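Note that the structure is a prediction, hence the values are computed from the model and not measured. Throughout, numbering of the chain's residues begins at 1 and tracks the sequence. Computed over heavy atoms, backbone and side chain alike; hydrogens, waters and symmetry mates excluded.
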Amino acid sequence: MTTDTETKPVEQQAEEKNVEEVKEDVKKEEEAAKNAEEKSDDKAEKEDKEKDSSDKAAKPKKEPAPPKPTVHKADYQPDVVYLYQFMRTPVLPSLSPYCLKVETWLRLAGLKYENVDHKMKYKSKKGQLPFVEVNGEEIADSAIIIKQLGEKFNTDLDAGLSPEQKLIAHSNISMIENHFAWVVKSWRSQHPGRMLKAYKVDIRAATGTKLPNAILNAVYKFFLRRAAKKVRAHGIGVHKPEEIEEFGQNDLKVLSDLLGDKQFFFGETPSTLDVVAFANLAQLVYMDPEVSYSLRDWLLENCANLKGFCDRLKDRAFPDWEEMCSTLDLNSHLPKPPPEEEKKKEEKEEAKEKKEDVKEEKKKEEEKETDEKEKAQKEEDAADKDDNKKTEEKEK
């Protein structure tokens with residue numbers, strides 16, 4: 001009995017042990033199945049990703065859009081300088097001494113250039129006129145334009161100057177552009193009406209707008225008065241008119257004494273100083289003589305050699321001066337097409353205008369016909385309505 005009693009727990013323990021082992025095996029099998037399932041899922045996911053990537057690789061890539069042109073003149077010619085400036089006037093090529101400075105330099109340097117007729121709509125990225133475009137690149141500010149174009153095309157109007165002459169040129173250019181030019185700006189901003197008459201400005205033709213000249217002149221005068229704030233901010237505008245004029249006289253006297261009886265400031269060949277001086281003095285010398293400006297009168301009376309200097313440089317750089325001022329042609333320096341080509345061009349333009357007129361007339365006729373049809377339809381509808389009304393009344 002004792003033996004039976006003792007063997008039962010042992011058997012029970014063995015049985016329990018077997019159950020535990022079975023459970024452990026089942027658990028391991030479940031984990032193995034789970035791992036196998038996860039590996040299968042990972043493999044399927046990887047295959048899907050590879051398939052997607054292969055599909056993407058198989059699809060042709062879209063070509064990137066061409067970059068937007070950074071210049072206004074997209075169809076430019078190599079090494080041609082495209083100049084953006086103010087429009088011509090009947091008395092001088094440009095109201096801006098800085099625009100006239102760049103064009104004068106281009107002509108004396110012998111560079112190929114073309115004025116762009118932009119109706120004064122564009123300004124440089126710096127917000128200025130003039131600016132140029134060359135080989136798809138924009139260059140702004142008159143001094144930087146001259147410097148960079150000189151380096152690019154290996155031309156320098158000051159190559160023959162001595163170091164001392166270059167110092168004299170630099171100091172006088174600074175005096176002209178940072179002092180004398182503001183004397184003239186002060187007069188313009190204070191007398192907008194006289195300024196327009198002095199240069200015979202036709203704003204309507206210059207801007208290509210259809211607004212009446214009276215409105216345009218009023219707007220232009222308003223902007224000139226706003227310019228007076230800049231003159232005051234410069235410092236010269238805080239002085240009395242007679243004091244400002246005296247400043248201008250002193251600058252003119254310096255230039256007159258430096259020029260003396262020479263053709264140009266440093267001899268027989270124009271330099272950058274000659275270009276800058278001409279561009280600013282021309283604003284006085286060539287304005288309409290019937291318009292009163294005391295500083296201009298003082299120059300002609302006391303600095304006659306400056307007037308002669310302007311005439312000499314004008315003849316050298318602008319042999320087409322009279323033509324450009326009378327026709328207001330921006331590119332009078334460029335060769336014109338032969339008469340036959342010009343005639344064909346005119347005929348082509350006339351044909352185009354005629355075609356547009358015919359198209360416009362046809363459109364008007366169609367609109368008229370449509371209106372008449374609509375009117376007839378309305379009348380017919382109204383008549384039908386009246387007939388229906390009469391019929392209803394009879395039935396009643």
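- Counting only N and O atoms by type, the side chains of Y84 and E133 include a donor and acceptor under 3.5 Å apart.
- If you check the side chains of Q249 and N302, you find no donor sitting under 3.5 Å from an acceptor.
- At least one donor-acceptor pair under 3.5 Å links the side chain of S326 to the backbone N or O of E322.
- Here NZ of K262 is found 10.5 Å from CZ of R312. Values are rounded to the nearest 0.5 Å.
- There is no side-chain donor-acceptor pair under 3.5 Å between E114 and N331.
- For the atom pair CD1 (I173) and OG (S271), the distance works out to 7.0 Å, reported to the nearest 0.5 Å.
- In this structure a side-chain-to-backbone donor-acceptor pair under 3.5 Å is missing from N135 to P78.
- For the 3.5 Å distance criterion, the side chains of E245 and S294 qualify, holding a donor opposite an acceptor.
- Listed for the D288 side chain is no donor-acceptor partner under 3.5 Å among the backbone atoms of Y199.
- Ring geometry for H234 against W182 counts as parallel: the plane angle stays under 30°, on a 0 to 90° scale with 60° as the upper cut.
- F318 places a side-chain heavy atom less than 4.5 Å from the side chain of L100.
- Annotation: Y286 is in aromatic contact with W321 [ring centroid separation under 6.0 Å].
- Residue N154 places its CG atom among 12 or fewer non-hydrogen atoms of other residues, nucleotides or ligands, all under 6.0 Å distant.
- Formation of a donor-acceptor pair under 3.5 Å by the H239 side chain with backbone atoms of E243 is not found in this model.
- In terms of heavy atoms, I236 sits closest to I244 at O-CD1, 3.4 Å.
- Remark: of the listed residues R194, M195, H191, R194 is the sole one forming a side chain to side chain contact (heavy atoms under 4.5 Å, CB included) with V291.
- Between the CG atom in D156 and the CG atom in L161 there is a gap of 8.0 Å [rounded to 0.5 Å].
- The existence of a salt bridge linking K336 and D329 is confirmed by a sub-4.0 Å separation between a basic side-chain nitrogen and an acidic carboxylate oxygen.
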Practice task
Under the salt bridge (charged side-chain N to carboxylate O under 4.0 Å, His left out) rule, what do K101 and E177 come out as? Steps first, then yes or no, please.
Solution key: CA-CA 11 Å; K101 165 187 170 182; E177 295 193 325; 2.9 Å; yes

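- The backbone N or O of H179 lies less than 3.5 Å from no partner atom in the side chain of D251, so there is not a single donor-acceptor pair.
- A salt bridge links R107 and D320; the closest N-O separation between the charged side-chain nitrogens and carboxylate oxygens is under 4.0 Å.
- Of all the heavy atoms in K123 and F131, the pair that sits closest is C-CE2, 3.4 Å.
- A search for ring-ring contact (aromatic ring centres under 6.0 Å, His included) contacts involving H170 returns nothing, not counting sequence neighbours.
- Within 6.0 Å of the NZ atom in K197, the count of heavy atoms belonging to other residues, nucleotides or ligands does not exceed 12.
- Shown here for L330 and F86, the closest heavy-atom pair between the two residues is CD2-O, 4.3 Å.
- Residues L284 and F180 have side chains in contact (heavy-atom distance under 4.5 Å, counting atoms from C-beta outward).
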Practice task
Please assess R88 against D117 for the test salt bridge (charged side-chain N to carboxylate O under 4.0 Å, His left out), listing each intermediate value before the final yes or no.
Solution key: CA-CA 10 Å; R88 303 290 193 211; D117 187 5; over 6 Å; no

